[in-house]
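Remarks on the structure that follows.
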Amino acid sequence: MSDPGHIGTAQVRVAFMGKVNMPLAPTRSVGHRIRLLLAGILPVLAALAPLAVQAPAQAAGPSYVALGDSYASGVGTRSYISDGTSCQRSTYAYPYLVAAQKGYTLNFKACSGATTSTVTNSQLSAVTSTTKYVTISVGGNDAGFSSVITECAQPGWMSNCDGAINTAQSFINNTLPGRLNTLYASIDSRAPNAVVVVTGYPRVFMGEDCNAGTWFSPSEQTRLNQTADLLNAKLSSAAAAKGFKFANPTSRFIDHAVCDDVEWINGLSNPVSESYHPNRLGQSSGYKPLVSTLLVGAA
């Protein structure tokens, strides 16, 4: 009985161009032929596999360290990264947006509540000699701006808004410049070749108070805006002294203050921590274009 695993062993003669070929050898089993085929192909596939799955490695983008306070971390955008901290860092904040736009590798250190001291102690170590870009937003908390806003938000008969503003302005004039100079010198010494952009603070008010639960008078709003201008002047001066760039948001936020038709800054909000901070539009349309233009040119 013939082997069912074999094709017939009868000799096959094939006519070709009028000639008769010699008898072919008996055919092998189908299974055997498949094994031979695989034995030949598999080594080739194995050699090609790394070429198929290993895409060319992409170099990391230039390193960018974002330092500072809640205006840089993104408080006010109402969406925060779950990073195990209370820093309230947001993917809607300008450091994240600028890094994504330019392909920079972001080390996002900015943290809600930061002062010059906490930036020095908790954030500055991220800046190294290989850092190409740095942004820094700090000074408002040193001057106690949040406490000033809280004081001035109360009815005039139960608050001392002018006194709080006077204290903040005195600090900004007499104490803050030294703190900024020390911090900026530390950044410069750690990353002498980095492009550093110091970001300022917008004017929060536009002369009217449309929020229930706050009692900012027009004159108080004017003085608070003047305090922001004073702070920006000191930030700009300290930045220039170290060869840093200064991003002044004042003009970009005009017509977008609290109670303007299109607000880029939150008024009194729930939760309260969201109040008087740039919202998503403030970050994307206010800060991002301003910072993006300046955060370039690193060697």
*Start with the C-alpha distance between Gln169 and Thr227, add both sets of side-chain angles, then the distance that settles side-chain hydrogen bond (donor to acceptor under 3.5 Å, both in side chains), and finish with yes or no.*
CA-CA 6 Å; Gln169 290 185 351; Thr227 304; 3.0 Å; yes

*asked:* I'd like to know whether Asn266 forms a side-chain hydrogen bond (donor to acceptor under 3.5 Å, both in side chains) with Ser275, so could you lay out the CA-CA distance, the side-chain angles of the two residues, the decisive distance to 0.1 Å, and finally the verdict.
replied: CA-CA 5 Å; Asn266 297 331; Ser275 305; over 6 Å; no

*Do Ser146 and Tyr276 have side-chain atoms, one donor and one acceptor, less than 3.5 Å apart?*
no

*Does the side chain of Thr77 pick up a donor-acceptor pair with the side chain of Ser79 at under 3.5 Å?*
no

*Would you call Tyr80 and Cys87 a side-chain contact if the rule is heavy atoms closer than 4.5 Å?*
no

*Do Val296 and Phe244 share a hydrophobic cluster, counting only Ile, Leu, Val, Met, Phe, Trp and Tyr and linking them when any side-chain heavy atoms are less than 4.5 Å apart?*
yes

*asked:* Quick check for you: to the nearest 0.5 Å, what is the distance between Asp209 atom CG and Asn211 atom CG?
replied: 5.5 Å

*Between Cys259 and Phe205, is any pair of side-chain heavy atoms under 4.5 Å apart?*
no

*Mind checking whether Val75 and Trp264 sit in one hydrophobic cluster, side chains of I, L, V, M, F, W, Y counted as touching below 4.5 Å?*
no

_Distance (rounded to the nearest 0.5 Å) between Ser217 OG and Leu224 CG_ = 8.5 Å

*So, the side chain of Asn232 versus the backbone of Gly200: is there a donor-acceptor pair under 3.5 Å, distance only?*
no

*Atom OH of Tyr184: over 12 foreign heavy atoms under 6.0 Å*: yes

*Close side-chain approach of Leu67 to Leu124, heavy-atom, < 4.5 Å*: yes

*Going hydrophobic residue to hydrophobic residue with side-chain gaps under 4.5 angstrom, can you get from Leu106 over to Tyr92?*
no

*So, does Arg89 use its side chain to make a donor-acceptor pair with the main chain of Ala110 at under 3.5 Å?*
yes

*Verify the distance criterion only: is there a donor paired with an acceptor across the side chains of Thr135 and Tyr94 at less than 3.5 Å?*
no

*Show your working on ring pair (Phe, Tyr, Trp, His ring centres under 6.0 Å) between Tyr96 and Phe108 and close with a plain yes or no.*
CA-CA 8 Å; Tyr96 195 95; Phe108 201 174; 7.1 Å; no

_Is it true that, when you exclude Gln101 itself, more than 12 heavy atoms of the residues, nucleotides or ligands shown sit nearer than 6.0 Å to its CD?_
yes

*Measure the shortest side-chain to side-chain distance between Ser70 and Gln88 over non-hydrogen atoms and say whether it is less than 4.5 angstrom.*
no

*Can you establish whether the number of heavy atoms outside Asp261 located under 6.0 Å from its atom CG is more than 12?*
no

*Would you mind reporting whether Arg78 and Ser269 have side-chain heavy atoms less than 4.5 Å apart?*
yes

